[in-house]
Amino acid sequence: MISAALLIALALSPTAYATGLASPGCTVIAGAKVYTPTGPQDDLDVLLRADRIERVGPGLNEPGCARVEAKGLTLTPGFVEPWAQLGLIEVDLEGASRDDEGRGPDLRAAEGYNPRSSVVPVTRVAGVTSVVIAPSGGGLAGQAAWVDLAGGTQAEAVQSASVAMVWAPHEDLPVALYELRALLEEARSYGKSRAAWEQNRTRPYTAAPRDLDALQPVLRGELPLVVTVDRAADIESILRFAKEERLRIVILGGAEAWRLAEALAEAKVPVILDPLAYGPSSFTSRDARPDNAALLHAAGVDVMISSRQLHNVRVLGQNAGNAVREGLPHDAAITALTATPARVFGLTDLGVVAPGARANLVLWSGDPLELSTTVTGLWIGGEAIPLVSRQTLLRDRYLTNPAALPAPSL
Amino acid sequence: MRSGPLLLPLLSAFAGLLACRPPKPPDTPPPEPARLSSLEERGLSPVEAAPVINPPPLLLTGAKVMTAAGVTHDPGWVLLRDGRIAELGAGEPPAAQDARRIDLAGRVITPGLIDTHSHIGVYAAPDAQAHSDGNEMTSPVTAGVWSEHAVWPEDPQLELLVAGGVTTAQILPGSGNLIGGRGVILHLVPTRGARAMRLPGAPETLKMACGENPKRVYGERGSEPSTRMGNLHTQREAFYAAERLLRDWEDYTQEHEDWAKDGAEGDPPTPPDRDLAQETLALVLRGDILPQVHCYRADDMLNMLQLADELGFSIRSFHHALEAYKIRDVLAERDVAVSTWADWWGFKLEAWDGIEANAAMLAQAGVRAVIHSDSPIGAQRLNQEAAKARRAGAQVGITFTDDQTLRWITANPAWALGVEDQIGTLEPGKRADLTVWDGDPFSVYTHAELVIIDGSLRYRHDDGSQPWSDWTLGREVTP
C-alpha cells in the first residue's frame, strides 16, 4: 500500500503527475525516422487522433492539428517491459509499500497496481510506455496485467487485466511438475463437470474453485503460462510438459535457452531474457552466454528483452543495445522491445507505428539504444506526456545552489 | 613495503635479553621502539609470489589515445616498457626497435578501468551459501577482518570484469556492519591466492557503513545498533577506543625515548597489547588507512563527516551516496570522493532520492566523481554506466568531454583508493594498465578488445583460450 507521506507528496505536486487528462486532439509528428512494422523509414509523418495513430506517411498536412517537427529525430513505439513489479512495489525493503505477493491462479496483479507510483514517471520519461506487471513469489502466483504508464486510475492505466498466468516453479522441478500436473488435472475435471460440482456430485477438489476457474483459459491455450526457468535441462522438461498438457508457455529468464534454440523455435515458445545476465551467476545459469538473444533470434525464437528490474526499468534500451553488441540485429532488438511483447500478450493494437494502433510513441534524439540518446517526446494513448518525474524535480531543485533550501517569500 | 617488517619484532624481543648483560659499549645505539605501523607490516610479506611479469616492450600505434589526464592523442601511440608506460604521444611514433609494434587503427586506448566497489571473490559465483564470505555479521564492528582473506581467486566473475576493461578493483566487505573490515585493492590477474593479486604499494582501506543496513541487521537481533542513533554511538565508541590505543602508543614511544636517553638501563618499556580491530582504527586516525564509507542519505553523510571531524580523520570516499548532490558544496570543500552508480535508486528508502545527474552535478561542483559497480554485472560495463551519467548531465546543460567522463572510471577511482601515483591515467612512469576498445568507449556497442595489465596482455576479445577459473574449466560455452 502507498504510504500516507507519499500520498501527501503527490497531492502537493499535482503538476508533476498530471498527464493532461483532457481529451487529446490531434497531432502530426513530422519528418522523423520512423520504426514501422517493416523496419525504419526516414522522413515519415505520423498523425495521432484521440488515442490512436490515424495515418503514417510522407507529407501529412492536417490543419488544426498540433505539429511536432521531428526531422533528424527517431520515432518508435513505446518500449515495453515484459516483466516487472512496477506499480506493485514502491520500495523493495518496505513491506508496507508492497502489493506484489503471489498466491494462486485467481490472484490478479492489476488489483495492486498504483498508477500514481513515483516509479511510473521515472520509467516513462526514459521511453518505456508499457509494463507487464506480475505477482512475485514461487509457485503459481497469479495473473499478470498489461499497464500503460499513464493515467491516474487503474481504469485508465490497465489495458488488459489478465495477459498471462505466472508460474515460478519450485526449485526442485520434478516436485513442481508433479504439483502442477495434479492441479491442471483438477482444473480440467472441474471445467468439464462444473454443473455436477455445483450440485455437489463430483469428487472434492483440493484447489479452490475460483482458482480452477482462473486456470480454464490456460487449459484452452488462450492465456500463456509464463514459466521462470534458466537451466537448459529444466527448459527441456518444461517444453515436454507443455506439449503433453497442451499449454501455451513463455520462458522467463532463459539463461541457458540458447542450448534449446531449435526446440523453442519448433514449439513456438517465446523467451523473455535479460541480455546482461550472463556469467555463471548461479547453478541454474552456469552456461549463460552474452549472445543468448542473438542465437535465439537466429533460430527463429520470439525474443523479448527485460530489465529484470523494478526501479530501473529505464535500462531496457541499454540492455537491448548490449544484445545488439553481441549480434542481435538492431531492428530485431527494437521489435523485441515493442511488437513482440504486444503480440505475445495479446495486445495486437500496441507496440507498432501503424494506422489504428494505440498511440504509444517515443521520440528520440538518435539511436534509441545508444547511451547518449535522450527522449525528446512521449505520447501514451495519444496524449503528450511531460518529461517530468520526481527525479527531474529533485535535480532541478538542487541544480543551482544545493544550500538554498526552499522558503516562502514575504 | 615501508621498512624491514620482520626484523623489528625480533629486535624488540632481543631488547630484553640485552638488558641483562653488562653495560654495552657507548657506540651501540639503543634498540628501536616498536611501531604501530611495523606491526601492520608483519603480515604483508607474501607466501605466494606475485605473478612474474617480464613483458616484452610493446609499441601501440594508430589508436586514439585518451589519457584521462586532459590530453587526447588522435592518432597516438603508447610505448610500454618493463610493465610501465615509457612514453606516449601523437603523430610519428619512436623507432623503438626492440618493441613489438601493434597497429591499432580505429581503436581507442584508455587507462584500464578501476572499480572502487566490488564484492568479486567474497561473494563468488555461482551464488551459493558456501560462497557467502563478504559480511562478518557477528558484531557491528569487525575492523580486524580483511576482505582479502575471503577473496576466492577462482571466482569466474573475475575474468568477466577484465573482459569489461577493468584492470583494478577494490574488494570490500559488505555493509551489514558499521565497520565491516579492510578492503583490498587487487590487480585482476590469475593467481592462486588473493595476496599475490594485491596492487603493490596500494594503501590499506577500511569499509564503513551508515544508515539502514547495520541498524536492520542488528536491530532484528535486538542488539545495538537498531537506530541511526545506535549507528553513530557504536561508531564513536569504537573510534574513541582506538584513540586511547593511539595515546597508549604515544606514551609508549615517549617512554622508550626517555629510556634510551637515560642509557637504556633495565628492561625497555613494553608496547601496548595487540588488538587488530583497534589498531586498524588507530591507523585510520593516523591517516594511514583510507576509509571507504557506504552511505546513501545526505544527512547520514553529514553525520559521518561530523564524526570524522570529531575524531580527526578524513573520509576518502563515500560509496553509493545517492544524495551526494545535495551536499556537493560540503564534499567539494573537504575533497571527499563520491563513488556512485549512474541510475540505481529506490530499492530501499534511503535510496529514494537518487537522481541520474548525481555524478554530473558532483563533478561540476569540483567533487571527484566515481562510477562504481557494487555488482558483477555493472562492473562489466563501467564505461556504459559512465556514458549514462554523462547523458544525465547533458540533459541539464552540464557537459563533459570524453577525457573528463573517462576520469570517473579511471583517474578519480585511483585517487579514491590512494593509488593515483601508480594507475588511473596514461602518463609516463605509471603502470602499463590499458584497455583497447574496438570503438567509442562510451557507446553501448563497443567491446574491450585487449586488456593489458602491468604491460602484459591479459585479455583478447577474439581469443578462445582456456578460462582462468578452474571452476569454468570444461564448461566453456560454445554453441
Side-chain angles (χ1 to χ4, degrees), chain A residues 89-94 97 118-119 122 126 256 258-259 261 274 276-291 295 309-312 314-315 317-322 324-326 330 367 369-374 387 389-392 394-399 401-403, chain B residues 125-128 156-157 160 212 216 298 323 325-330 341-358 361 365 376-378 380-381 383-388 390-392 394-398 440 442-447 469 471-472 475 477-479:
Chain A
I89 302 174
E90 202 68 4
V91 180
D92 304 58
L93 288 188
E94 297 300 330
S97 78
S118 289
V119 190
V122 168
E256 297 182 354
W258 62 273
R259 284 210 184 277
D274 172 4
L276 307 193
Y278 62 92
S281 57
S282 75
F283 282 102
T284 55
S285 60
R286 278 181 72 169
D287 294 355
R289 43 182 296 152
D291 52 358
L295 294 171
Q309 304 255 2
L310 159 58
H311 293 90
N312 239 3
R314 58 190 171 187
V315 301
Q318 181 190 6
N319 286 16
N322 277 273
V324 172
R325 183 178 83 160
E326 306 302 333
H330 191 278
D367 173 359
L369 308 185
E370 189 51 282
L371 303 167
S372 54
T373 299
T374 54
L387 299 174
S389 72
R390 186 168 170 281
Q391 290 191 8
T392 66
L394 269 170
R395 175 196 68 195
D396 295 347
R397 161 173 280 190
Y398 283 91
L399 199 53
N401 179 0
Chain B
D127 181 29
Q157 297 173 127
L160 295 178
E212 288 183 26
R216 182 179 62 251
E323 294 187 10
Y325 65 94
K326 297 185 184 180
I327 53 165
R328 61 194 190 278
D329 49 338
V330 176
W341 298 284
D343 50 16
W344 288 25
W345 75 287
F347 38 92
K348 49 185 172 171
L349 210 42
E350 64 188 2
W352 194 241
D353 282 5
I355 64 170
E356 292 171 291
N358 193 27
M361 287 163 72
I377 301 287
Q380 294 172 45
R381 47 189 61 75
N383 56 318
Q384 295 181 15
E385 300 303 305
K388 288 190 292 181
R390 169 163 75 173
R391 170 178 64 192
Q395 284 179 301
V396 283
I398 309 173
D440 172 7
F442 300 113
S443 164
V444 75
Y445 305 121
T446 298
H447 281 109
S469 168
W471 174 264
T472 312
R475 306 283 310 193
V477 281
T478 42

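Letters A, B, ... mirror the listed sequences (proteins, then strands); counts begin at 1. What you see below is based on every heavy atom in this structure, not just the backbone, and it leaves out hydrogens, waters and symmetry mates.
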From [atom1] ([X]) to [atom2] ([Y]), nearest 0.5 Å:
X         : Y         : atom1 : atom2 : answer
Asp353(B) : Leu394(A) : CG    : CG    : 4.5 Å
His311(A) : Trp352(B) : NE2   : CH2   : 5.0 Å
Asn358(B) : Arg395(A) : CG    : CZ    : 12.5 Å
Ile398(B) : Leu399(A) : CD1   : CG    : 5.5 Å

Grab the two heavy atoms, one from Ser281(A) and one from Ala125(B), that are nearest each other, plus how far apart they are.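 Shortest heavy-atom contact: CA-CB, 4.1 Å.
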Which atom pair, heavy atoms only, marks the closest approach of Gly346(B) to Asp92(A)? O-OD1, 3.7 Å
So [Y] and [X], do their side chains get closer than 4.5 Å, heavy atoms only?
X         : Y         : result
Arg328(B) : Pro402(A) : yes
Tyr445(B) : Leu371(A) : no
Arg391(B) : Glu370(A) : no
Thr472(B) : Arg286(A) : no
Thr392(A) : Ile355(B) : no
His447(B) : Glu326(A) : yes

Determine, stepwise, if the pair Val315(A) / Lys388(B) fulfils side-chain contact (heavy atoms from CB on, under 4.5 Å). CA-CA 10 Å; Val315(A) 301; Lys388(B) 288 190 292 181; 3.7 Å; yes
Find the one option among [options] whose heavy-atom pairs under 4.5 Å with chain A are most numerous.
options                                    : answer
Asp127(B), Asp343(B), Ile327(B), Thr446(B) : Asp343(B)
Ala342(B), Ala351(B), Ala298(B), Gly354(B) : Gly354(B)
Asp329(B), Val330(B), Val396(B)            : Val396(B)

Check whether [X] gets within reach of chain A through its side chain, its backbone, both or neither, counting any heavy atom under 4.5 Å.
X         : answer
Ile377(B) : side chain
Ser469(B) : neither
Ala357(B) : side chain
Leu160(B) : side chain
Arg381(B) : side chain
Phe442(B) : backbone

Just by modelled atom types, is the Trp345(B) backbone N or O under 3.5 Å from a matching donor or acceptor in the Asn312(A) side chain? no
For the pair Glu94(A) (side chain) and Lys348(B) (backbone), establish whether a donor and an acceptor sit closer than 3.5 Å, ignoring hydrogens and angles.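 No, because the side chain of Glu94(A) does not come within donor-acceptor range (under 3.5 Å) of the backbone of Lys348(B).
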Considering only heavy atoms, which portion of Ala261(A) lies under 4.5 Å from any heavy atom of chain B: side chain, backbone, both, or neither?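 Contact with chain B involves no heavy atom of Ala261(A) at all.
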Under 4.5 Å, counting heavy-atom pairs only, tell me which of Asn401(A), Thr373(A), Leu310(A), Asp396(A) racks up the most with chain B. Thr373(A)
For chain B, find which of Arg397(A), Gln318(A), Glu256(A), Arg325(A) contributes the most heavy-atom pairs closer than 4.5 angstrom.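 Ranked by heavy-atom pairs under 4.5 Å with chain B, first place is Arg325(A).
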Is Arg314(A) salt-bridged to Glu356(B), going by a charged N under 4.0 Å from an acidic O? yes
With side-chain contact (heavy atoms from CB on, under 4.5 Å) as the criterion, how do Gln384(B) and Asn322(A) come out once you've worked through the C-alpha distance, each side chain's angles and the decisive distance to 0.1 Å? CA-CA 10 Å; Gln384(B) 295 181 15; Asn322(A) 277 273; 2.9 Å; yes
